[in-house]
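Okay, structure first, notes after.
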Amino acid sequence: MASAQTRYASDIGMPRERMLFETVKGFYDSLGITRHDIGTFIFASNDFQDGRTISNVFADSPVGAYMKDETKVEADGSFAYLYGVMRILSGHYDTALIIAYGLGGSQFRPYLVMDYTMDPSFTRQVGIMNELVAAALQARAYMMKYGLTEEELAAVAAKGLRNAAANPVQLRGQANATASDVLKSRPLYSPLHEFHCYPPTDGCCVMLLASAKRARELTRKPIWVAGIGHDLDTYYLGEKDLAVSKSAQRAAAAAYKMAGLSDPAAEIGVAEISAPFAQQELILQEALGLFPEGSGSQVMGGGLSEIAGKLPVNPSGGALGAHAFCASGLQRIADAANQLRGEAGACQVKESKLAVAHGQDGFCAQQNMVTVLSS
Amino acid sequence: MAKEREILNSVVPLDFTYNYRVGIPLEKYILGLAEGKLLGVACPSCKKVVTPPRSICGICNEKLDEWVEVGPEGTVENWTIGHVRLEKGEAKDNDEPVLIGMIKLDGATSLMPGLIEGMRPEELAAGARVRAVFKAEPEGSVRDLDHFEPA
């Protein structure tokens, strides 16, 4: 696989079509291919955010999908990746181009998209619940269950901001961010402050998936999909323990089984996890078996998930640096692949042969996709 | 000549409404609120009791059709203090913090979000006992359960 990303922004300052054209055309040029080398085009976009039914209609032309096989996933880009992998495995396609984009920074109010995923007859009518409330309850659930302090939760966000500062595509970063900086940011819903939460973001991420034969023709440094898993939890927040993610556990177990991993925490060298809210990094790194359950305090206290730590998590800065709706999960997979290639710049971790990447959708990560990549 | 911002952006409002059938379980729940009753349903398979009631247990793939009266008192299991509110997706500062609890009504196994009034933010904690307060003049809406107060 290979990938390209925009430089994420709060306002990309151009129409969606130009953003897609420049990113995708530039990507083709970098690989020395044209649109005719693409077997199937798969979009990940959101009709509600775009304010258009079938939001990909005018996005087809800029990526070169006319007179081609093209479909869309109305979900995070990691699910388009899952679908693309299946299309390659079907044997019908040698290449699949995944195009994931979102304009939650400038085009539309970000939290409104998630508001409209809620049940319209009860939750939306009562008017108490929203994406931030759900995330705040999830953070509190983890803190209560495992004794995580507000400073330790803020340390997760500070790590994200520091890593994002070293990553030139990220929208929000701060080189020397501390927990105290996070706790001084705007209070939203306790215990969450602005810096615990993703910044509204514009941007896109594109990725080329190819069969083994075609991948070897296209690059001398192919990255392989070693395993993949996908699972869906209940929608109802009041009926599950928000401090854990059973569906991410199940998705990870499926991915590790496919990849033949018996001790993922020891075998995996780097993780990129979709965590648009700070506490989700802890909950999901535990669900993915990278650290023991309830270990947030120890991991943050010991710097175990830092770039130079025992098992770096989100060295890219993750979704706290940029979270273009739909592009976000694909960005994690692309960043994990760049790590394995040794092309992660100032975010580069020590050499590693195996990475895990994760994407999600829904309140409190209702739906999860986990993939193992190998170099 | 129009202002630069008007030329650079086309601002497109969408103005229409959707009509959703609430379905029998929620209809019964709303009618119950008018009588000061909180209704839930139990799953015959996993025995969970959920409110607001709905028709299906997704995990068991069974119909939820055993009616149970729950509350009106319950226990706060989780909470958040809203320093902001979202108005059409935009975070606006609150003049006074808003207390939101996830409440396990007596007799239910699920948690329900509710506004909590008559309590200071520092008093809000897991284990706090609260009681449902219904609208004096019911409107036939899920908002007829107005808020919770200390029990």
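Just so you know, these numbers use all the heavy atoms, side chains as well, and skip hydrogens, waters and symmetry mates. Lettering follows sequence order; numbering is per chain, from 1.
- Using a 4.5 Å cut-off between heavy atoms, B:Asn94 does not touch chain A at all.
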Full working for side chain to side chain contact (heavy atoms under 4.5 Å, CB included) between B:Met102 and A:Leu137: CA-CA 8 Å; B:Met102 288 296 274; A:Leu137 292 167; 3.6 Å; yes

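- When the shell of 6.0 Å around CG of A:Leu232 is examined, it contains more than 12 heavy atoms from other residues, nucleotides or ligands.
- By the 4.5 Å heavy-atom criterion applied to side chains, A:Tyr189 and B:Val98 are not counted as neighbours.
- Between A:Leu237 and B:Leu111, the closest side-chain pair of non-hydrogen atoms is not below 4.5 Å.
- Atom CG of B:Leu115 is separated from atom CD1 of A:Ile128 by 4.0 Å, given to the nearest 0.5 angstrom.
- Heavy-atom contacts from other residues, nucleotides or ligands closer than 6.0 Å to CD of B:Glu137 number 12 or fewer.
- Annotation: A:Arg186, atom CZ; neighbour count of heavy atoms from other residues, nucleotides and ligands within 6.0 Å is above 12.
- Side chain of B:Ser110 to backbone of A:Gly238: no donor-acceptor contact under 3.5 angstrom is found.
- Within the model, atoms CZ of A:Arg52 and CG of B:Leu14 stand 11.0 Å from one another, a figure rounded to the nearest 0.5 Å.
- For the atom pair CG of A:Leu112 and CD of B:Glu90, the computed distance is 10.0 Å after rounding to the nearest 0.5 Å.
- With values rounded to the nearest 0.5 angstrom, B:Asn9 atom CG is found 7.5 Å from A:Asp11 atom CG.
- Interface remark: B:Lys48 contributes side-chain atoms only to the contact with chain A (heavy atom separation under 4.5 Å).
- Heavy atoms only, all atoms of each residue included: B:Thr80 and A:Ser190 are closest at OG1-O, 2.6 Å.
- Of the two parts of A:Tyr236, only the side chain, counted from C-beta on, holds a non-hydrogen atom closer than 4.5 Å to a non-hydrogen atom of chain B.
- Within a 6.0 Å radius of OH in A:Tyr235, more than 12 heavy atoms belonging to other residues, nucleotides or ligands are found.
- The distance from the CG atom of A:Leu192 to the NE2 atom of B:His83 is 10.0 Å, given to the nearest 0.5 Å.
- Expressed to the nearest 0.5 Å, how far CZ of A:Phe122 lies from CD1 of B:Ile30 amounts to 9.0 Å.
- B:Arg54 touches chain A through its side chain: at least one heavy atom from C-beta onward sits under 4.5 Å away, while N, CA, C and O do not.
- With chain B as partner, the option from A:Lys240, A:Arg109, A:Met114 having the largest number of non-hydrogen pairs under 4.5 angstrom is A:Arg109.
- For B:Leu86, the parts sitting under 4.5 Å from any heavy atom of chain A are the backbone and the side chain alike.
- Within the 4.5 Å cutoff, no side-chain heavy atoms of B:Ile100 are placed close to those of A:Met129.
- Between chain A and the options B:Val11, B:Asp93, B:Val12, heavy-atom pairs under 4.5 Å are most frequent for B:Asp93.
- Atom NZ of B:Lys63 sits in a sparse spot, with 12 or fewer heavy atoms from other residues, nucleotides or ligands closer than 6.0 Å.
- Interface summary for chain B: among A:Met144, A:Glu131, A:Arg140, A:Glu239, the most heavy-atom pairs under 4.5 angstrom belong to A:Arg140.
- Interface remark: B:Glu27 contributes no atoms to any contact with chain A (heavy atom separation under 4.5 Å).
- With respect to chain A, the highest number of heavy-atom pairs below 4.5 Å among B:Ile103, B:Ile81, B:Val142 belongs to B:Ile81.
- Residues of residues 12-20 of chain A never come within less than 4.5 angstrom of chain B, heavy atom to heavy atom.
- Under the side-chain hydrogen bond (donor to acceptor under 3.5 Å, both in side chains) criterion, A:Thr6 pairs with no residue, sequence neighbours left out.
- Contact annotation for B:Tyr18: neither backbone nor side-chain heavy atoms come within less than 4.5 Å of a heavy atom of chain A.
- If you tally non-hydrogen atom pairs under 4.5 Å between each of B:Gly82, B:Ser141, B:Pro52, B:Gly58 and chain A, the highest count goes to B:Pro52.
- Heavy atoms from other residues, nucleotides or ligands lying under 6.0 Å from CG of B:Leu31 number more than 12.
- In this structure the side chain of A:Arg124 reaches within 4.5 angstrom of the side chain of B:Tyr20, judged on heavy atoms.
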